Amino acid sequence: MKTNSLPFLLLLCIGLLSWSACGDDDDIVQDSLNYDGPNFTAPQNAAGFNTFAAYFPSSVTQPFIGRDLVSVRFWLQDIPLSTTVIIYDVDPNGDDRQPGPILYSRDITQRINATGWIDHNLTTPVELTGAGLWIGIETEIAQ
């Protein structure tokens, strides 16, 4: 099993947030939680099992307190054998170099039938509390 926490996922993974200021559906504000601008490339993952994730520290997530993470967007260069979207909490020991407990996980393998941008709407939104957050994608690439 090969596990990577690749910083270039910052160029690949965008968490989309939705928040209603007054409880009125006409007042929905959408923002994105991301580090990058336009993307020009994707990681070249080796054959086998790969995990890539982006860490958003509390300094980045605090402006979104009370909002929900509702969607994740990422780029796939090749169609993997399997794909799972995983949202992790922060490490309970305070180590920002590794994710903590899983807050959300969904196997989306059956939805992947093309390369390019993949949008996944979370079946259960993740509330943003202002603590750090990891957004990850696990793939298995054919040999």
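When reading the values below, keep in mind they use all heavy atoms of this one structure, side chains included, and skip hydrogens, waters and symmetry mates. Computed from a prediction, not measured in an experiment: that's the story for all the values here.
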Notebook entry, point to check: Is there a chain of hydrophobic side chains (I, L, V, M, F, W, Y, each step under 4.5 Å between heavy atoms) that links I79 to I118?
Noted result: yes
Next item on the list: Could you tell me which residues satisfy side-chain contact (heavy atoms from CB on, under 4.5 Å) with T123, sequence neighbours excluded, listed by chain and number?
Entry: Y104, R106
Margin query: Tell me which one of I137, V85, T83 satisfies side-chain contact (heavy atoms from CB on, under 4.5 Å) with H120.
Written below: V85
Checklist line | side-chain hydrogen bond (donor to acceptor under 3.5 Å, both in side chains) partners for D95, two or more places apart | finding: R97
Next item on the list: Find the distance between CZ (R67) and OG1 (T61) and round it off to the nearest 0.5 Å.
Entry: 12.0 Å
Item checked: hydrophobic_cluster_shared for L69 and I108, side chain cutoff 4.5 Å -> yes
Next item on the list: State which residues pass side-chain hydrogen bond (donor to acceptor under 3.5 Å, both in side chains) with Q98; sequence neighbours excluded, sorted by chain then number.
Entry: D91
Note to self: Checking S105 now: which residues fulfil side-chain contact (heavy atoms from CB on, under 4.5 Å) with it, not counting sequence neighbours?
What the structure shows: T84, I86, I102
Margin query: Starting from I141, can I reach W75 by hopping between I/L/V/M/F/W/Y residues whose side chains sit under 4.5 Å apart?
Written below: no
Next item on the list: Please check if the side chain of N121 supplies one atom and the backbone of D119 the other of a donor-acceptor pair under 3.5 Å.
Entry: no
Checklist line | For S58, all residues meeting side-chain hydrogen bond (donor to acceptor under 3.5 Å, both in side chains), sequence neighbours excluded | finding: none
Note to self: Test of understanding: with side-chain contact (heavy atoms from CB on, under 4.5 Å), list the residues that count as partners of D96, not counting sequence neighbours.
What the structure shows: Y55
Margin query: Once rounded to the nearest 0.5 Å, what's the spacing between atom CD1 of I135 and atom CZ of F74?
Written below: 11.5 Å
Next item on the list: Nearest 0.5 Å please: distance from the CG atom of L122 over to the CD1 atom of I87.
Entry: 5.5 Å
Check: Of all residues at least two apart in sequence or in a different chain, which pass the side-chain contact (heavy atoms from CB on, under 4.5 Å) check with P101?
Finding: D89, P92
Note to self: Show the nearest heavy-atom pair for residues L76 and T115, with the distance to one decimal.
What the structure shows: O-CB, 3.3 Å
Next item on the list: List the atom of W134, the atom of A53, and the distance in Å for their closest heavy-atom pair.
Entry: CE3-CB, 3.7 Å
Check: At what distance, to the nearest 0.5 angstrom, does CG of D78 lie from CD1 of I112?
Finding: 12.5 Å
Next item on the list: For residues A142 and L81, report the shortest heavy-atom separation together with the two atoms involved.
Entry: CA-CD1, 3.8 Å
